[in-house]
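Written below as C-alpha cells is the structure these notes are about.
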Amino acid sequence: TYKGKLQCANTEVADRRFNSATSQPVERGWLSTCLSPDLDRSVVFVDTNGLARETGEAGGISNTGEADLVLSVIKQAVDGGHPPSEVAVIAPYTAQVKLIQRVVTARGLGEVEVGTVDQFQGRDCEMVIYS
C-alpha cells in the first residue's frame, strides 16, 4: 500500500515501544511476547487455533476463548502501567465487539475502546489488539 511510501511522522513515533512498569513477571510465554518492548515484536500474531472456537448465533459470530485471551493481554498491560484509555480492541464482528465490551467492563476496564474496524477508522491508540 502507498507504494512503500508510508512512513512514521518522526523518529519519536518510529522508535516508540511498549514499556511495562510492572514488577510482576509475565507468567505465560505468549503473553510475554505480546508485551515485549522489542521493536521486532511490535506486531504479534497469536495462534488461537484449538484454544478458542468461534460460535455463530442469531446475533453474529463471537469467540469467548479469544475474548478471554484479549482480556489477559489488556490486564497485563494495565497492571504494567499502560493506561486503559490507550488500549483499543478491534474486531470484525459486532457480536465479538459486544462480547469483549462486556468482558472488559465487568473487569473494571471500561476505558478500553472496543469497536469494529469501521468504528475505529481515523483514530489511533498506543496499543491495538485485533480479535
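Taken together through direct or relayed side-chain contacts under 4.5 Å among Ile, Leu, Val, Met, Phe, Trp and Tyr, Val70 and Leu31 form part of one hydrophobic cluster. The hydrophobic cluster containing Ile90 does not contain Val112, counting ILVMFWY residues as joined when their side-chain heavy atoms lie under 4.5 angstrom apart, directly or transitively. Following chains of ILVMFWY side-chain contacts shorter than 4.5 Å, one can reach Val73 starting from Leu109, so the two form part of one hydrophobic cluster.
Of the inter-residue distances, the one linking Asp68 atom CG with Lys75 atom NZ reads 12.0 Å to the nearest 0.5 angstrom. Within the model, atoms CD of Gln96 and OG1 of Thr64 stand 7.5 Å from one another, a figure rounded to the nearest 0.5 Å. Taking CG of Leu35 as the start and OG of Ser72 as the end, the distance is 10.0 Å to the nearest 0.5 Å.
Residues passing the side-chain contact (heavy atoms from CB on, under 4.5 Å) test with Asp47 are Asn49, sequence neighbours excluded. For Pro92, the side-chain contact (heavy atoms from CB on, under 4.5 Å) partners are Tyr130, not counting sequence neighbours. With sequence neighbours excluded, the residues forming a side-chain contact (heavy atoms from CB on, under 4.5 Å) with Val43 are Phe45, listed by chain and number.
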Practice problem: List the steps and the verdict of side-chain contact (heavy atoms from CB on, under 4.5 Å) for Thr33 and Val46. | Solution: CA-CA 9 Å; Thr33 300; Val46 177; over 6 Å; no
Quiz prompt | Stepwise side-chain contact (heavy atoms from CB on, under 4.5 Å) test for Ile100 and Ile129 | solution = CA-CA 11 Å; Ile100 294 172; Ile129 301 167; over 6 Å; no
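Taking both residues in full, the closest heavy atoms of Ser85 and Cys125 are given as O-SG, 3.9 Å, listed atom of the first, atom of the second, then distance. Shortest non-hydrogen contact noted between Val97 and Gln119 is CG1-OE1, 4.5 Å.
Considering only heavy atoms from C-beta on, Ile74 comes within 4.5 Å of Val89 through its side chain.
Pairs engaging residues 118-131 under the salt bridge (charged side-chain N to carboxylate O under 4.0 Å, His left out) rule: Arg16-Glu126, Glu113-Arg123 [sequence neighbours left out]. The salt bridge (charged side-chain N to carboxylate O under 4.0 Å, His left out) pairs that include a residue from residues 88-109 number zero, where partners must be two or more places apart or lie in different chains.
Its side chain within the 4.5 Å cluster rule, Ile61 clusters with Tyr93 among the Ile, Leu, Val, Met, Phe, Trp and Tyr residues.
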